[in-house]
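Scroll down for the structure; my scribbles are underneath it.
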Amino acid sequence: MEDFARRVSIQMEGTTNLLVIELAEGETLIPYCCKMMERNNIPGLLRMRHRWMDGVVSLQYGIGGKMPLREFMARHRLTYEKGLLLLRNLTEALLHLEDYFLSTDMCYLDPEQVYVGDGLLPYLPCVPVQPPAGQNSAARLKLFYEKLLSEYFATAECSSYDDMFKWVYKASLFDLKTFYKQFLEEKQPAEPAPAAKEPVRQPAEQPGQPFGAAQPAAEASKLQQLAGILQEKGSQMQAKYLSADPGSAAAPQPPAQPQPPAAQSEKRTFEIPGGRSFEIPGAPPKPVEEKRKAKPEKEKKSFWPFGAKPKETKEQAVPERFQPPVPQPMPPAE
């Protein structure tokens with residue numbers, strides 16, 4: 001079934017413009033492809049949703065923020081670079097439909113229904129139905145590009161598209177990949193070749209001088225000067241070393257005299273600012289200082305309001321010893 005035989009209209013839903021395409025009788029949507037288009041933003045395809053009403057299935061495509069290609073060409077002056085970018089984006093979108101399990105046979109290939117968005121990105125409506133048997137996709141693509149190049153790009157201002165149109169028109173079997181590689185593929189700039197390294201030049205041998213012969217007089221004098229400098233430096237280092245070595249004969253040291261223990265202890269003690277010091281390990285122990293005399297304890301003040309509080313003496317109470325009663329004589333009877 002030809003794409004131009006479908007019923008296409010533009011409707012408005014609220015503030016959004018919709019492109020509506022109705023399916024013919026006997027056409028059914030492919031469920032997987034339909035869900036793929038409804039839930040994903042596929043480059044080069046308009047976002048779609050389907051609606052079933054009164055036995056008729058209609059596909060609605062959002063075209064808000066996009067402009068038809070014919071209107072875009074009338075409003076904007078299209079240079080060769082911009083036109084080439086527009087064709088490249090459109091062709092790349094058609095070539096990558098297989099990544100989403102779609103094919104160019106499902107696209108509505110009509111230049112009148114091509115819309116342009118931001119960044120010169122073209123968009124096509126796609127009808128996810130089974131293509132009719134015997135449909136030649138190469139022939140449909142050839143007719144689409146012939147009409148697109150002849151009516152929109154092959155103008156007086158863009159005469160460079162004539163070669164593209166002639167190639168498409170003369171092609172007996174149109175191949176989209178070949179067309180893209182020949183006219184639209186971006187050519188990467190050739191990388192500059194790495195600079196060749198210069199060969200290390202060997203000193204040229206003087207004629208008449210055998211290998212390993214004596215050096216010239218100038219070089220021999222330089223070597224003698226260098227040897228003299230090294231010898232002088234060596235003697236200076238040797239003299240410095242002998243002067244610093246206490247056991248050497250060049251610098252005899254006087255015999256060490258014994259120092260009193262107090263002086264040794266002073267030398268082996270490191271003073272710290274603030275009146276503190278610590279002993280260096282290996283120093284002889286310091287003499288034990290005398291213990292500080294015990295200070296007399298201060299009398300504790302009493303807070304008793306009536307002078308000194310009397311000291312309480314605890315006396316243990318001793319119970320009195322029991323005395324038995326003394327017997328009394330009985331009075332005489334009268």
Side-chain angles (χ1 to χ4, degrees), residues 3-4 19 33 36-37 40-48 61 63 65-128 131 135-192:
D3 293 335
F4 307 109
L19 176 69
C33 297
M36 177 69 70
M37 293 185 59
N40 298 279
N41 290 325
I42 301 175
L45 299 183
L46 294 171
R47 190 70 177 270
M48 186 205 75
Y61 304 87
I63 57 175
K66 301 174 182 60
M67 189 181 300
L69 179 60
R70 185 176 295 278
E71 185 178 351
F72 180 82
M73 300 287 285
R75 291 188 180 184
H76 301 84
R77 181 179 176 273
L78 196 66
T79 60
Y80 175 74
E81 292 76 12
K82 292 183 179 180
L84 194 66
L85 178 60
L86 187 63
L87 281 174
R88 183 183 297 118
N89 293 336
L90 178 61
T91 308
E92 286 180 352
L94 293 175
L95 287 174
H96 287 85
L97 289 180
E98 296 179 356
D99 301 341
Y100 303 92
F101 302 96
L102 303 174
S103 64
T104 55
D105 296 334
M106 300 179 182
C107 294
Y108 192 87
L109 297 177
D110 183 6
E112 297 293 334
Q113 302 302 331
V114 177
Y115 294 84
V116 182
D118 297 335
L120 294 177
L121 296 176
Y123 296 90
L124 281 170
C126 183
V127 183
Q135 179 173 290
N136 190 350
S137 59
R140 294 177 66 247
L141 284 172
K142 180 179 179 179
L143 293 175
F144 172 71
Y145 274 91
E146 282 181 2
K147 187 175 181 180
L148 189 66
L149 292 171
S150 60
E151 296 184 7
Y152 293 89
F153 292 92
T155 60
E157 297 179 358
C158 302
S159 57
S160 301
Y161 297 103
D162 293 342
D163 297 337
M164 297 185 192
F165 175 76
K166 291 177 182 179
W167 187 91
V168 174
Y169 182 77
K170 292 180 181 179
S172 57
L173 183 62
F174 180 76
D175 185 17
L176 191 60
K177 292 183 179 179
T178 306
F179 173 74
Y180 176 79
K181 289 182 179 180
Q182 187 167 351
F183 297 102
L184 303 176
E185 187 175 15
E186 295 185 66
K187 296 181 180 180
Q188 300 293 338
E191 297 182 359

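- Listed by chain and number, the residues in a ring pair (Phe, Tyr, Trp, His ring centres under 6.0 Å) with His76 are Phe72 (sequence neighbours excluded).
- Listed here is the closest heavy atom pair of Val168 and Phe174: CG2-CE1, 3.8 Å.
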(request) Dump the intermediate steps for side chain to side chain contact (heavy atoms under 4.5 Å, CB included) on Thr178 and Lys181, then the final yes or no. (result) CA-CA 5 Å; Thr178 306; Lys181 289 182 179 180; 6.0 Å; no
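- Taking CG of Leu143 as the start and CG of Asp110 as the end, the distance is 11.5 Å to the nearest 0.5 Å.
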(request) Check the pair Met164 / Leu84 against side chain to side chain contact (heavy atoms under 4.5 Å, CB included), numbers first and verdict last. (result) CA-CA 11 Å; Met164 297 185 192; Leu84 194 66; 3.6 Å; yes
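- Taking the side chain as every heavy atom from C-beta outward, Met48 and Pro128 approach each other to under 4.5 Å.
- Closest approach of Leu86 to Pro122, counting heavy atoms only: O-CG, 3.8 Å.
- Contact check for Glu71 versus Val116: no side-chain heavy atoms found under the 4.5 Å cut-off.
- The shortest distance between side-chain heavy atoms of Tyr100 and Met37 does not fall below 4.5 Å.
- Closest heavy-atom contact between Thr104 and Ser137: OG1-CB, 4.4 Å.
- With rounding to the nearest 0.5 angstrom, the CD1 atom of Ile42 is 9.0 Å from the CZ atom of Arg47.
- You'll find the side chain of Gln182 stays beyond 4.5 Å of the side chain of Asp163, heavy atoms only.
- Smallest separation of non-hydrogen atoms from Asp175 and Trp167: O-CH2, 4.1 Å.
- Put simply, CG on Leu45 and OH on Tyr108 are 15.0 Å apart, with the number rounded to the nearest 0.5 Å.
- Between Tyr61 and Leu124 the shortest side-chain heavy-atom distance does not fall below 4.5 Å.
- The minimum heavy-atom distance linking Lys66 with Gly117 is given by the pair CG-CA, 4.3 Å.
- To the nearest 0.5 Å, the span separating CD on Glu151 from CZ on Arg70 amounts to 6.0 Å.
- Of all heavy-atom pairs spanning Lys142 and Ala171, the tightest one is NZ-O, 2.6 Å.
- Each of Tyr80, Tyr152, Tyr169 was evaluated against Tyr161; a single residue qualifies, Tyr80, per the ring pair (Phe, Tyr, Trp, His ring centres under 6.0 Å) test.
- In this structure, Asp105 and Arg140 have side chains that are in contact, with non-hydrogen atoms separated by less than 4.5 Å.
- Taking 4.5 Å as the limit, every side-chain heavy atom of Leu102 sits out of range of all side-chain heavy atoms of Cys107.
- Proximity of Tyr115 to Leu19: side-chain heavy atoms (C-beta onward) are separated by under 4.5 Å at one or more points.
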For residues 90-99, run the donor-acceptor check on the side chains, cut-off 3.5 Å, and write out each pair with its distance to 0.1 Å, sequence neighbours left out.
residue, atom, partner, partner atom, Å
Thr91, OG1, Leu87, O, 2.8
Thr91, OG1, Tyr145, OH, 2.9
Glu92, OE2, Tyr180, OH, 2.6
His96, ND1, Glu92, O, 2.7

